[in-house]
Amino acid sequence: MEFQSLFAKLIADYRINARFLPWRTSRDPYQIWVSEVILQQTKVLQGQDYFMTFLRYFPDVFSLADAPEDQVLKVWEGLGYYSRAINMHHSAKFIVEQLKGRFPDDFDGIRKLKGVGDYTAAAISSIAFDLPHAAVDGNVKRVASRLFGIREPIDKPAGVKQITELLNEIIQYYSPGEFNQAIMELGALICTPKNPDCRRCPMQEHCFAFANNLQKSLPVVTPKKKPVNMHIEFLFLESKGKTWLHKRDKNGIWKGLFEFPAKIVNHLSETPPVWMMEFLDNSDVSKVLGHRDYVHKLTHRTIFARFWHLSGKPSNIVKQNQTYTELKTTEISGFPVHRLMLKYLGDNRMI
DNA sequence: AAATCGTGGAC
DNA sequence: TGTCCAAGATT
């Protein structure tokens, strides 16, 4: 089988049955960029609404570059992997200030943008500019592994390299954007991780895994580690309708987002924790209005959180330290916060 | 090379 | 219930 005809059925099938997705209505590289970054490690169903909202707020690279970071994060709120938003914001400024607002139009130029790796650069350059670069995402790795019988683990650089080089050879015989999207669509709808629907697969007659009944053992993936437990306490301090938030720094989880003053602890405290006392004025006897517990599961850790709701006069540490932002309790929803905060605020009827 | 970074849906 | 993992990038 020659490369020119290997994917012919898949391409034909894609032309007929491709899903209608909002980012497929445009070939504006900016919009393709936005969609690809939103879709990193994110399912189509989850990303669609964020894509529409993001473009409503930031319809072009100039509006994104001009926006304050906190507004970009507010639009991104709840989606996760927040460095994506910060990197996009940074790259938008770079495009406007250094490239006169012209989106880079080749692979190397696109690849230089922060938050754009090999996959995203290939996706943008193929879809927006018809350039022959194979976009190797999780779908493509799985499809290629089964189709060609590749036993190299697909979650390691060697496996990705092998697949990328092979598909870069093949993609030149096809329409690049169509080729990449057709394979991703196949992986998303037919050649799924579990229970692939081989009966409906347009690549069935060419598939190594199907011929050898190896769908369950391909691709080879290295086992993941179990999440680590972590305990964290939050202080929701109220005083005369005011409260205080803290903007997380550039390192670690939830970067750039706001949250109540927080501390990582070994064990959750049954009474208001000692560390909270420095946030309260000594002369004031604060009232404990209650606490709420949450278990927040992430890929790599399980967070046991306890929110303490205290009423009392804040200490000078809180009032004079620029680390903390004072705001009206009713205006919390204007700040970008992580999902754990959203849960608490929702359960407290604050949003 | 291996860790880290979120959230949610499917099974 | 727990496990997997998604249109990955960065360090």
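The basis for the numbers below is simple: all heavy atoms, side chains too, and nothing from hydrogens, waters or symmetry mates. Every chain is numbered from 1, with letters handed out A, B, ... down the list of sequences.
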* Residues within residues 22-56 of chain A bordering DNA chain B, heavy-atom distance below 4.0 Å -> A:Q41, A:T42, A:K43, A:Q46
* If only side-chain N and O atoms of A:R339 are considered, is one of them under 4.0 Å from the OP1 or OP2 phosphate oxygen of B:dG8? -> yes
* **Nucleic acid contacts - residues 173-185 of chain A versus DNA chain C, non-hydrogen atoms under 4.0 Å** => A:M184
* Could you tell me whether A:I253 contacts a base, only the sugar-phosphate backbone, or nothing, with contacts defined as non-hydrogen atoms closer than 4.0 Å? => sugar-phosphate
* Asked: Just checking A:R248: base, sugar-phosphate only, or nothing, at a heavy-atom cut-off of under 4.0 Å?
  -> nothing
* Asked: Taking OP1 and OP2 of B:dT7, is either one under 4.0 Å from a side-chain nitrogen or oxygen of A:Y82?
  -> yes
* Structure fact -> Under a 4.0 Å heavy-atom cutoff, the residues of residues 114-130 of chain A touching DNA chain C are A:K114, A:G115, A:V116, A:G117, A:D118, A:Y119, A:T120
* **Phosphate contact (B:dT7 OP1 or OP2) by A:H338 side-chain N/O below 4.0 Å** => no
* What nucleic acid atoms does A:K297 come within less than 4.0 Å of, heavy atoms only: base, sugar-phosphate, or nothing? -> base
* **Contact under 4.0 Å: A:R142 side-chain N or O vs C:dA6 OP1/OP2** => yes
* Asked: So, is A:K194 close to the B:dA10 phosphate, meaning a side-chain N or O under 4.0 Å from OP1 or OP2?
  -> no
* Does A:K255 put a side-chain nitrogen or oxygen below 4.0 Å from OP1 or OP2 of B:dC5? -> no
* Has A:K226 got a side-chain N or O lying under 4.0 Å from the OP1 or OP2 atom of C:dT3? -> yes
